[in-house]
A.B. asks: 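Starting off with a structure, shown below.
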Amino acid sequence: MLTNPATKYRSFPPVDLADRRWPSRTIGKPPTWMSTDLRDGNQSLFEPMNVERKMRMFRTLCAIGFKEIEVAFPSASQTDFDFVRKLIEGHHIPDDVSIEVLTQAREHLVRRTMASLKGARRAIVHVYNATSKPFRDSVFNMSRAEVVDMAVSAVKLIRQLAEEARETEWVLEYSPETFTATELDFALEVCDAVSAAWGATPDNKVILNLPTTVEVATPNIYADQIEWMHRHLARRDSVIISLHPHNDRGTAVAAAELGLMAGAERVEGCLFGNGERTGNVDLVTLALNLYTQGVAPGLDFSDINAVARTFEHCSQLPIHPRHPYVGDLVFTAFSGSHQDAIKKGFAVGQSDGFWNVPYLPIDPADVGRSYDSVIRVNSQSGKGGIAYLLETEYGVVMPRRLQVEFSGVVQQHVDAHGGEMSAAAIWQLFSATYLDRVTPVRYRDHHLFEHGSGGNAQGIRIDVDIDGVPQVLTGAGNGPIDAAVNAFHRVAIDVQVRSYEERAMSPSGEGGNARACAFIEVAPSAGGGNESFGAGIDANIVTASIRAVVNGINRLESSAPRGSQQRAA
């Protein structure tokens, strides 16, 4: 059993912020996005990216629209140092993109980092040191003053080296690592000291990155911490507040959203949340969350599948099929009630211009996904999903009673065979059930003729095989269907038509040509039996209707065998 958590873990108290304002705010514009896929994301991989994969990821990030990309930790390895040099010397960095590199606040690491950036047009130097009490006391054995001095000394060195390399536009970023576990007054002290040492001005802003290095509290407490810093920072007009949420509690996206409401202007993360432990904030989810609220995120995910495949290639990590917006199954409904609602939502359309399809928070087309996978069928599926697939894939619009009946046929099939049914498999089952019945009656041909006048003016001659024996049946009625039914009465196949519907199939349906589909529900003339649907498809609506009659008869006969009944020639 789990231990009593109250004796082992301490909860973080709310921030003393009685008049907090973030809860009543919304996000009206996107933040500045910074991708750390090539640094934080890369260092967390079992097998870090090679040069080919890093370069492919860098180009993808540029194409998506990231203007700030953290590309390496140059002092950590020769590989990272060389990659920064390759980007600069190979002129791979677009003019509107700034590369960022990370360094600890130690002199030899800072010097190595600055050397890697020689010749860059614009570079963000991201320096950090841990500030929370556990790190001060247990890891570094430093006082508050020593921690502040460590940060300030690194910043002064960066400023000195930057002034010696004026060909580059330099931007400073500072992170008080473990910010969320640091006393707020001390986090403020360190950050103010850093901005002063850099000489931050409105024209030379410093980025103060306030990370949830480890999530230790609920997202609302993080928002309180951000708002408190936002209100109390010196030189606020010379500071960009940045967020770097990790996902230890599974709430990184919420923490980022609330942090933006609380006054932050920038977010660091990885495309699909890759990163140390449970990962960084998921920038795809965060950006598309904004998009669904009517805010253009400034990042292009209109072909989300291409981005996903690039990520999987470069990181060698799979994307979960239920990952928000991008997973293979996120636009897929198996539940019957969900499918029915989605189908009806598509049918109604968006008369007011706003997307409002049940169960779909975003239009799949906006991220380059087709509607083909929206509804799929398994043992949990219902008539709405099945009808949707037949309509969209094959142009068959079933009557509602047939939807109910056929859903039972599909259910039995899935229960017997398990797994999922594709649209093609559903079409095959529909054809075998309603279109291609050949016993006991096989339809071959028919001819219409005039039969006098009055109520039975339509005559028909039908060429069929009955139980394998060729026969020619004749009948008359008030129309082709009535005449065909009367023709079958002559061989003791006594049925009555309960309902009839005809539909034009879309040109994109089966066969690629516009055709007609007829649905006929038949029942025994004497009553006391079950109704059965038959369907027929043909370029000629009369032929489709006669085929539907034959298929309905065959289904009725198979459900109530009449083998003992003598059929006259």
Side-chain angles (χ1 to χ4, degrees), residues 26-27 250 253-254 257 272 282 284-297 301-305 308 319-411 413-415 419-427 429-430 501 503 506 508-509:
T26 58
I27 303 172
V253 169
E257 290 178 332
F272 299 105
D282 181 335
V284 173
T285 299
L286 192 57
L288 290 176
N289 281 358
L290 288 179
Y291 182 78
T292 64
Q293 302 303 301
V295 178
F301 294 120
S302 59
D303 188 355
I304 197 68
N305 286 347
I319 293 176
H320 195 281
R322 295 294 182 184
H323 193 106
Y325 300 111
V326 68
D328 290 339
L329 296 180
V330 297
F331 297 120
T332 299
F334 289 111
S335 163
S337 61
H338 288 211
Q339 292 173 348
D340 186 62
I342 291 170
K343 177 178 181 292
K344 290 173 179 174
F346 275 126
V348 170
Q350 316 307 315
S351 59
D352 60 359
F354 289 98
W355 178 257
N356 196 29
V357 175
Y359 297 114
L360 294 179
I362 190 174
D363 184 348
D366 286 348
V367 289
R369 299 284 288 271
S370 71
Y371 297 119
D372 297 345
S373 63
V374 169
I375 294 176
R376 287 156 66 172
V377 175
N378 65 10
S379 62
Q380 302 301 308
S381 304
K383 62 183 183 300
I386 296 163
Y388 176 84
L389 290 177
L390 286 182
E391 180 177 346
T392 56
E393 297 289 328
Y394 297 96
V396 174
V397 182
M398 292 189 292
R400 183 166 180 79
R401 282 173 54 78
L402 181 55
Q403 292 181 30
V404 175
E405 180 182 298
F406 185 49
S407 68
V409 175
V410 173
Q411 188 75 45
H413 180 91
V414 174
D415 287 344
E420 178 187 336
M421 287 192 74
S422 65
I426 293 172
W427 172 249
L429 184 60
F430 179 84
E501 293 188 35
R503 308 279 171 83
S506 63
S508 61

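Computed from heavy atoms alone, side chains included, the values below leave out hydrogens, waters and symmetry copies. Keep in mind that this is a model prediction, so the values were computed, not measured.
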A.B. asks: When you measure from the side chain of Trp355 to the backbone N and O of Thr292, does any donor-acceptor pair fall under 3.5 Å?
C.D. replies: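 Side chain of Trp355 to backbone of Thr292, a donor-acceptor pair under 3.5 Å: no, none is there.
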A.B. asks: Using ring centroids (six-membered ring only for Trp), state whether Phe301 and Tyr325 fall under 6.0 Å.
C.D. replies: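 Aromatic pair excluded; centres sit 6.0 Å or further apart.
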A.B. asks: Just do the side chain to side chain contact (heavy atoms under 4.5 Å, CB included) check on Val396 and Trp427 with the steps written out, would you?
C.D. replies: CA-CA 10 Å; Val396 174; Trp427 172 249; 3.5 Å; yes
A.B. asks: Working to the nearest 0.5 Å, report the span between OH of Tyr394 and OG1 of Thr392.
C.D. replies: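 Between Tyr394 OH and Thr392 OG1, I get 9.5 Å after rounding to 0.5 Å.
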A.B. asks: Going through the distances and angles, do Ile386 and Phe406 end up as a side chain to side chain contact (heavy atoms under 4.5 Å, CB included)?
C.D. replies: CA-CA 8 Å; Ile386 296 163; Phe406 185 49; 3.6 Å; yes
A.B. asks: Testing the basics here: between Tyr291 and Pro297, what is the closest heavy-atom pair and its distance to 0.1 Å?
C.D. replies: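 Looking at all heavy atoms of both residues, the closest pair is CD1-CD, 4.0 Å.
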A.B. asks: Between the side chain of Arg369 and the main-chain N/O of Val326, is any donor-acceptor distance below 3.5 Å?
C.D. replies: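 Yes.
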A.B. asks: Search all heavy atoms of Val295 against all heavy atoms of Ile27 and return the closest pair with its distance.
C.D. replies: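 Looks like CG2-O, 3.4 Å.
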A.B. asks: Measure across Met398 and Ala387 and return the closest heavy-atom pair with its distance rounded to 0.1 Å.
C.D. replies: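 Taking every non-hydrogen atom into account, CE-CA, 3.8 Å.
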A.B. asks: Quick one, His323 and Thr285 - any side-chain contact, counting heavy atoms below 4.5 Å?
C.D. replies: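 Yes, their side chains come closer than 4.5 Å.
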A.B. asks: Identify the two heavy atoms, one from Glu393 and one from Ala423, that lie closest to each other, and give their separation to 0.1 Å.
C.D. replies: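 Glu393 and Ala423 have their closest heavy atoms at CG-CB, 3.6 Å.
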A.B. asks: Working to the nearest 0.5 Å, report the span between CG of Leu390 and CG of Leu402.
C.D. replies: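 Answer for the CG-CG pair, Leu390 versus Leu402, is 9.0 Å.
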A.B. asks: With side chains defined as the heavy atoms from C-beta onward, is the minimum distance between Leu429 and Met421 less than 4.5 Å?
C.D. replies: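 Leu429 vs Met421: side chains touch.
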A.B. asks: Please report the C-alpha distance between Phe430 and Val410 in whole Å, then the side-chain angles of each, then the deciding distance to 0.1 Å, and finally whether the side chain to side chain contact (heavy atoms under 4.5 Å, CB included) criterion is met.
C.D. replies: CA-CA 9 Å; Phe430 179 84; Val410 173; over 6 Å; no
A.B. asks: Is there a side-chain contact between His413 and Val409 (heavy atoms, below 4.5 Å)?
C.D. replies: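 SC-SC contact between His413 and Val409 ruled out.
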A.B. asks: Parallel, tilted or perpendicular: which fits the ring planes of His338 and Tyr359, with parallel below 30° and perpendicular above 60°?
C.D. replies: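 Aromatic pair His338/Tyr359 classed parallel.
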A.B. asks: Quick one: do Gln293 and Thr26 satisfy side chain to side chain contact (heavy atoms under 4.5 Å, CB included)? Show the steps, please.
C.D. replies: CA-CA 10 Å; Gln293 302 303 301; Thr26 58; over 6 Å; no
A.B. asks: Taking the side chain as everything from C-beta on, heavy atoms only, tell me whether Gln403 gets closer than 4.5 Å to Lys343.
C.D. replies: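 In contact.
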A.B. asks: Over 60° means perpendicular and under 30° means parallel, so tell me whether Phe346 and Tyr388 are parallel, tilted or perpendicular.
C.D. replies: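 Ring orientation, 0 to 90° scale: parallel.
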A.B. asks: Work out which heavy atom in Ile342 is nearest to a heavy atom in Pro358; give both atom names and the distance.
C.D. replies: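 So the two residues come closest at CG1-O, 3.2 Å.
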